[in-house]
Number of protein chains: 2
Amino acid sequence: MKSDLAAVNPRKTPRQRRSAVLVEAIYEAGARILETEGLAGLNTNRVATVAGVSVGSLYQYFPSKEAIVAGLLRQSRQDLLDGMRQVLATSEGETFEVIVDRLLGVAARGQFDRPSLARTLEYAEGMLAIDQETRALKTELAEEIANFLAQHGIARPLIAAWDLISLVRGLIDAAGLRGETDAADVQKRARYAVFGYLEKMRVAG
Amino acid sequence: MKSDLAAVNPRKTPRQRRSAVLVEAIYEAGARILETEGLAGLNTNRVATVAGVSVGSLYQYFPSKEAIVAGLLRQSRQDLLDGMRQVLATSEGETFEVIVDRLLGVAARGQFDRPSLARTLEYAEGMLAIDQETRALKTELAEEIANFLAQHGIARPLIAAWDLISLVRGLIDAAGLRGETDAADVQKRARYAVFGYLEKMRVAG
DNA sequence: GTCTATAGGCTGATAGAC
DNA sequence: GTCTATCAGCCTATAGAC
């Protein structure tokens with residue numbers, strides 16, 4: 001069962017409005033539980049209760065509890081990827097520094113308001129059977145950034161992309177968990193590390 | 001039970017050699033399970049089996065499964081703190097750059113050989129009822145580093161210490177999980193980010 | 001001190017009523 | 001489509017034999 005990858009995806013995409021509301025309620029309930037109690041605290045009964053639906057209804061749209069977590073992870077990754085692509089697509093004529101800063105802003109916004117959720121989802125990937133499609137989003141993101149870095153003369157662009165993603169995530173997430181609220185200040189500090197890294201990576205690998 | 005803080009510490013510190021071996025076997029079994037299957041895969045029966053002891057014996061030294069995880073977390077934090085303190089205590093006459101690099105080396109060594117374990121332990125802190133003493137080790141580490149940074153003219157030293165710890169952890173951990181094996185190369189890249197951050201923090205906060 | 005056996009509780013998932 | 005009720009399995013922790 002744990003290796004049955006078909007069982008970790010949402011069962012069906014609801015086209016009825018009522019169903020869409022139900023799925024949305026389940027996702028939000030799942031997110032809140034992950035935020036406050038972590039992966040271990042998430043079980044189908046609790047999700048259903050918090051969402052205000054019954055377990056039976058939940059199982060009509062999610063074949064397993066893993067599917068709820070996988071869906072949340074996919075959403076958050078897709079949002080981040082879309083945001084980054086939009087920045088890169090509308091960066092005609094901007095300087096390298098400005099673009100990097102805008103990318104940083106997208107990453108910071110996605111991570112900083114719900115750091116506990118972001119951290120749990122990230123951790124969940126390693127522990128759950130996540131579908132290939134959701135996993136691929138992570139790679140797509142890195143490649144998108146690597147491509148951008150390569151165009152601006154950064155050595156070993158894919159490695160650099162991975163490094164920057166994980167470094168920024170670590171810094172922002174920790175700040176959020178410590179209770180910092182000034183997103184602009186955190187972003188500024190992340191910028192220090194990012195540009196320091198990039199300057200060195202521009203000359204030598 | 002979850003809020004019973006007394007239940008997350010090892011039950012007694014064994015002075016008999018046989019007992020010490022048993023406790024050590026349980027810790028190593030727990031570490032291996034956390035590494036391969038994460039927090040959810042760790043249960044007392046499995047730990048006991050892998051350690052080659054019975055559940056009954058396990059419960060003589062650990063009042064709960066959380067106590068095993070908490071013990072592992074404490075060990076890893078204590079090792080890191082000890083390593084850092086030793087570097088700082090033997091850094092007479094060294095340049096700032098050399099000391100930072102040696103600190104980085106200590107952090108890298110502790111994190112890079114078992115990145116999956118390190119990540120799971122870190123995640124576990126937020127989800128488990130960890131005793132105050134173990135939690136305090138994290139603060140002690142940050143303060144130790146902050147004190148060092150302050151002596152060398154870094155602005156907002158405590159914030160900077162937290163940032164550097166989380167940034168380095170994120171970068172090294174991700175590299176390890178991706179399967180990178182060249183620790184020196186990873187450390188070099190971490191150095192780029194760290195010094196870039198510190199240069200900017202030296203002049204303005 | 002170490003074991004086996006088991007109790008008691010909780011969870012994932014389903015069946016069947018409405 | 002949504003619900004309640006329930007079963008079978010797994011887990012923590014303990015009791016009692018040796």
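Chain naming here is simple, since letters A, B, ... match the order of the sequence lines and numbering starts at 1 in each.
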Protein and nucleotides 2-6 of chain C: nitrogen or oxygen contacts under 3.5 angstrom:
residue	atom	partner	partner atom	Å
C/dT2	OP1	B/Arg18	NE	3.3
C/dC3	OP2	B/Ser54	N	3.0
C/dC3	OP2	B/Ser54	OG	2.8
C/dC3	OP2	B/Ser57	OG	2.6
C/dC3	O5'	B/Ser54	OG	3.3

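For the side-chain hydrogen bond (donor to acceptor under 3.5 Å, both in side chains) test, no residue two or more places apart in sequence or in another chain qualifies with A/Thr181. When the side-chain contact (heavy atoms from CB on, under 4.5 Å) test is applied to A/Ala25, the partners found at least two apart in sequence or on another chain are A/Ala51. For A/Asp185, the salt bridge (Lys or Arg N to Asp or Glu O under 4.0 Å) partners are A/Lys188, A/Arg189, B/Arg156, not counting sequence neighbours. Listed by chain and residue number, nothing satisfies the ring pair (Phe, Tyr, Trp, His ring centres under 6.0 Å) test with B/Phe195 (two or more places apart in sequence, or in another chain).
Atom-to-atom, CG of B/Asn43 to C1' of D/dT12 comes out at 9 Å; the value is rounded to the nearest Å. What separates CZ of B/Arg46 from P of D/dT12 is a distance of 11 Å, to the nearest Å. Atom OH of A/Tyr59 and atom P of C/dT14 are 7 Å apart (whole Å). In this structure, CZ of B/Phe62 is placed 16 Å from C1' of D/dT12, rounded to the nearest angstrom. Here C/dG12 presents its P atom at 14 Å from CD1 of A/Ile26, a figure rounded to the nearest Å. Taking atom CD of B/Glu66 as the reference point, atom C1' of D/dA13 lies 12 Å away to the nearest angstrom. For the pair A/Ile68 CD1 and C/dA13 C1', the interatomic distance rounds to 12 Å; values are reported in whole Å.
Between B/Thr44 and D/dT12 there is a side-chain polar atom (N or O) within less than 4.0 angstrom of OP1 or OP2.
Side-chain rings of A/Phe62 and A/Tyr27 approach one another, their centers coming within less than 6.0 Å.
In the helix from C/dG1-D/dC18 to C/dC18-D/dG1, the end axes, each obtained as the rotation axis mapping the C1' atoms of four pairs onto the next four within a five-pair block, lie 10° apart to the nearest 10 degrees.
Defined by atom type and a distance below 3.5 Å, a donor-acceptor pair is present between the side-chain atoms of A/Arg102 and A/Thr90.
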Review point. Checking salt bridge (charged side-chain N to carboxylate O under 4.0 Å, His left out) for the pair A/Glu140/A/Arg135: CA distance, chi angles, key distance, verdict?
Key: CA-CA 9 Å; A/Glu140 278 182 55; A/Arg135 260 182 224 283; over 6 Å; no
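For the pair A/Leu58 and A/Ile68, the minimum side-chain heavy-atom distance is below 4.5 Å.
Going from atom CG of A/Asp163 over to atom CZ of B/Arg178 covers 6.0 Å, rounded to the nearest 0.5 Å.
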